[in-house]
Amino acid sequence: RDPKQKHMGNGPANLAQAVAEIVNRNEPVSILHGEGSLLFGLEQSMGASHMCKLPRTKQAQDPSTAAGQIAQSVGYKTEFADPAPILPDLRHNNVLPPSMMRPMKVLWDLAPDAAPADMEKTQGNFGKGGKGFTSVVAGSRRIRCIPAHESKAASTFQAQIKASQYGLDAIWGDRRGALSFRRCLLSPSLTSFAAVRYDDTCVLWTGKDVVDIDDDDSTAWEAEEEELQSEPRNPGPSSQRFDAVCFPPPGLVPLQLVEGRKTPWTIMPNSLLFQPTSNTKVQVWRVEIERDEKQQPINAVRLEKVAVNGFAVDCSTKGEPFCVIYWPDLELVSAGAQLEVKLTGLCGDQQEITMFHELMSFRRKALDHALVKEAALLRSQYGSIPDVWLKSQEARNSVFKVTEAIKVIGALGFKAGAPAGNLPTSVNKAAAKVAGIAKKTAARQVAVSAPDPIEPVSHKSEDIVATSDELLIVVKCSGAAVMQCDLHIKRFAGETAELPRSAQVQRLGYENFLVRVKIPMPRQKFELRFFTSTQDEPRELVRQEFMYNISAATSCPLLLRSLEDKNLYKYGYSSVSSEAQLHGLSLLSPVKYRVPVGQCYFLVIVDVERALLAARKSLPEGLAVQAPKDEQTSLFSHRLLPVLSTEGGGVRAAEDFPQSPREVVQMQSVLREHLTPHTQDGYGEIHLDLLSHNGEHIQRLRERQDIPGLFEGLLTVTELDVSSQIQLNMRFPRIHAIDFSPRKVCRWLVCRADDHVPMYF
């Protein structure tokens, strides 16, 4: 703050004005709203993925085909029993999993033998050192030579669509500031930056260093300036200025930076050394980089020219003032691709700049291998429930017959309620059956006040004899919003005691539930109790009369000696909350509560439509925010300065979200005027955040671009995390923009990898 302004006081408005003056000085502040991980906030700012408004349903490849290609590329040999006698080949015999397991059909698509035998392999190698782009079909070497002019028209049209989604224009450039965060972070003149996160708001500082000196010491400014001028400067990496900064960077490029999201590529020449001309353009070639015996590049052979789409030169003041934007025509890019990029038509000491990129898959192979391995384990577990599969096959055959009857009825022009006339008797019976099924289906869709009684599906008898440490039970309960289970051990005097984390419930479809039961001791008797909730009160669980009586055989392993066992605190399954069932989340890995030190794979399948619908229902009734259309962020319009509508019952919603004090509103109004151009909203409608290190580190699970709805991630757990918890939170940053409200989904306990625990613990 200026020493002359110290008489103005330290009110909120003056603080906001001081922050605004700092912001307006060389535009050093960038704010990413809605992102709960600072690491992913930096990644989004680099990739500008949050500014692309591509429709969610647009997929370049069928998820089943993509899953088959993943299984073939990994080539994982399953270690688990394959339920082949129960479930024939899915792909060739058109046999699908039961309807209750249809959301997890991708698990069977990931079987190595489920892909067609003639499926082309999309990954391979040619070139020296095992590096280079290739297009291998059935194991043979073949180079696809596609001249650029053959696909130029279609590629240009697609590029115009992609450019418009980012707000880019060949004449006006980056009108919406989609790449402003990247241009600030990758400016050739930038030597240091700072980043901080509060809840789901990430603030990036890319300006000059500011000396914090008290206003009363007026001579301190001059002394500090003289000290900086007299200090010897050693030329090093921090004081060097690059000729140009590119994204993706030259050299080895992680494949995840450019795949799936149509990320724009940029070249930012140093504006003090280069200026654009009317002849400035970008050319791209696929190349094969030749290496010597030490794997050092010595030559590059051009293989084919790649079309360049969406070319634009932007000279705005948002970040680096000279930025070249373009899209290489790389729809099916794979690991090992090598590219040469040449920027020509520059005004300066050099007229062209050349870069080489080699796309590499660093963690993708490990993620694919973990995904295929986990899918094999889950297939063996789900396929070991024969009653579910056989009954599903019978129901499928019945549906097939009804479907054929519907086709006949439609061909004969039969309408509901019309006289049968001369129609055959079989057709009339089929029509009546179809009408009955439609009536029952419509009745199920109506919300009920109380769930139906629990019906056993896999185990008809209420008395079960367990012969192993784990039981998989499927039950049916129509109208239940949430189902939870507890396992109790029976005492000799008839009393019972609860075994913590011995049961885990996973929702299958709309009315079926899969219950995992962990049996800790042999020769004991247990009770499996059920709790359900209604649609009106989904978080209030009520115990049901239905119950399973489980007797553990002598073949069950001994996992716990008693309820006072020292390993009880880390025993059982992961603690999954009711929010997972309410929002259509299926936790597939890790299932156990104990997470050993090392690399841990997390896998979650999300029913996106159901999750978004549940998120909207959780909002207060009548809540509506009046936001200006020209703002590209909801930080001020929804979070800090929301203008709540009172139409349609909005008064109750306004009471749930009271306004801030007048001084705070005044301060935020000043900040809004100056910070809105520097603020953008994060990417994605559903965020799954992993909290580790006691909540200090947050890592997002990534949604696979080739298999929508499948979230995965690898988390490295160290010895420093032992005895701490890992928590999975779920957020909806766009629907719940008015408040930061993460929902706890699950939690785990970190343990040592060399802990002495029984087998199957």
Side-chain angles (χ1 to χ4, degrees), residues 34 36-37 103-104 199-200 447 451 477 479-486 500-501 503-516 530-543 572-593 595 602-621 623 656 684-692 695 698-703 709-713 715 725-749:
S37 172
M104 290 179 286
D199 287 343
D200 61 343
C477 185
V482 176
M483 176 182 290
Q484 297 289 357
C485 294
D486 291 339
R501 299 178 301 276
Q504 186 186 84
V505 182
Q506 178 179 334
R507 195 183 196 100
L508 301 176
Y510 287 93
E511 57 186 13
N512 295 279
F513 299 86
L514 172 66
V515 183
R516 293 177 178 268
F530 291 83
F531 301 83
T532 60
S533 64
T534 63
Q535 300 289 346
D536 297 333
E537 300 291 340
R539 293 171 178 83
E540 295 185 5
L541 298 174
V542 179
R543 183 182 173 182
Y573 298 113
S574 55
S575 180
V576 182
S577 66
S578 301
E579 300 296 331
Q581 298 182 27
L582 292 175
H583 293 83
L585 270 72
S586 299
L587 176 67
L588 303 183
S589 177
V591 177
K592 295 183 179 180
Y593 181 61
V595 174
F602 291 83
L603 178 62
V604 179
I605 291 182
V606 181
D607 187 344
V608 177
E609 295 182 0
R610 181 168 187 168
L612 298 179
L613 179 61
R616 295 187 183 96
K617 288 183 177 180
S618 63
L619 291 173
E621 183 179 359
L623 178 63
D656 296 336
E685 297 175 326
I686 303 175
H687 288 195
L688 298 180
D689 300 330
L690 275 177
L691 282 69
S692 59
I698 300 180
Q699 175 179 332
R700 270 183 61 185
L701 298 183
R702 297 178 185 272
E703 182 180 12
L710 194 148
F711 293 76
E712 63 178 357
L715 179 65
Q725 288 191 346
I726 301 174
Q727 182 171 311
L728 178 64
N729 288 347
M730 172 182 54
R731 296 187 300 109
F732 301 91
R734 296 186 180 180
I735 298 178
H736 297 164
I738 195 172
D739 190 21
F740 176 71
S741 54
R743 286 159 168 76
K744 185 177 70 174
V745 175
C746 186
R747 58 185 176 90
W748 299 266
L749 180 66

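Note that this is a predicted model, so its numbers are computed, not measured.
Aromatic ring centres of Phe602 and Trp748: separated by under 6.0 Å. Between Phe732 and His687, a ring centre-to-centre spacing not shorter than 6.0 Å is recorded.
Glu712 has its side chain out of reach of Ser589: every pair of non-hydrogen atoms, C-beta onward, lies at least 4.5 Å apart. Taking 4.5 Å as the limit, every side-chain heavy atom of Glu540 sits out of range of all side-chain heavy atoms of Ser533. Taking the side chain as every heavy atom from C-beta outward, Leu514 and Asn512 never approach each other to under 4.5 Å. Within the 4.5 Å cutoff, no side-chain heavy atoms of Leu541 are placed close to those of Thr532. Using a 4.5 Å heavy-atom cutoff, the side chains of Lys592 and Ser574 are not in contact. When side chains are defined from C-beta on, Glu511 does not count as touching Cys477, because their heavy atoms never get closer than 4.5 Å. Taking the side chain as every heavy atom from C-beta outward, Val595 and Leu715 never approach each other to under 4.5 Å. Residues Gln506 and Leu588 have side chains in contact (heavy-atom distance under 4.5 Å, counting atoms from C-beta outward).
A pairwise comparison of heavy atoms in Ser37 and Ile698 identifies OG-O, 2.8 Å as the closest pair. Between Ala611 and His583, the closest heavy-atom pair is CB-O, 3.1 Å. Nearest heavy-atom pair across Val576 and Gln484 is O-NE2, 3.8 Å. Between Pro733 and Gly684, the shortest heavy-atom distance links the atoms CG-O, 3.6 Å. A pairwise comparison of heavy atoms in His736 and Ser618 identifies NE2-OG, 3.1 Å as the closest pair. For the pair Gln581 and Val482, the tightest heavy-atom approach, listed with the atom from each and the gap, is OE1-CA, 3.4 Å.
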Inset, instruction - Could you go through the side chain to side chain contact (heavy atoms under 4.5 Å, CB included) check for Arg731 and Asp689 one step at a time? - result: CA-CA 8 Å; Arg731 296 187 300 109; Asp689 300 330; 2.9 Å; yes
Inset, instruction - Check step by step if side chain to side chain contact (heavy atoms under 4.5 Å, CB included) holds for Val542 and Phe531. - result: CA-CA 5 Å; Val542 179; Phe531 301 83; over 6 Å; no
Inset, instruction - Please lay out, stage by stage, how Phe711 and Arg700 fare under the test side chain to side chain contact (heavy atoms under 4.5 Å, CB included). - result: CA-CA 9 Å; Phe711 293 76; Arg700 270 183 61 185; 5.9 Å; no
Legend entry - Step-by-step side chain to side chain contact (heavy atoms under 4.5 Å, CB included) determination, Val515 to Phe530: CA-CA 10 Å; Val515 183; Phe530 291 83; 4.1 Å; yes
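Judged by distance alone, with hydrogens and angles left aside, the side-chain atoms of Arg507 form a donor-acceptor pair with the main-chain N or O of Tyr510 at under 3.5 Å. In this structure, the side chain of Arg743 engages the main chain of Ser741 through a donor-acceptor pair within 3.5 Å.
Interatomic distance, Leu585 CG to Leu688 CG, rounded to the nearest 0.5 Å: 5.5 Å. One distance of note links OG of Ser575 with CZ of Arg747; it measures 4.0 Å at 0.5 Å rounding. Atom CZ in Arg734 sits 11.0 Å away from atom CD1 in Ile686 (nearest 0.5 Å). Between Leu691 atom CG and Leu728 atom CG the span is 9.0 Å, to the nearest 0.5 Å. How far SG of Cys746 is from CD of Glu579: 13.0 Å, rounded to the nearest 0.5 Å. If you take CE on Met483 and OG on Ser578, they are separated by 11.5 Å, rounding to the nearest 0.5 Å.
Seen from the ring of Tyr593, Arg501 counts as a face-on cation partner, given the 6.0 Å and 45° thresholds.
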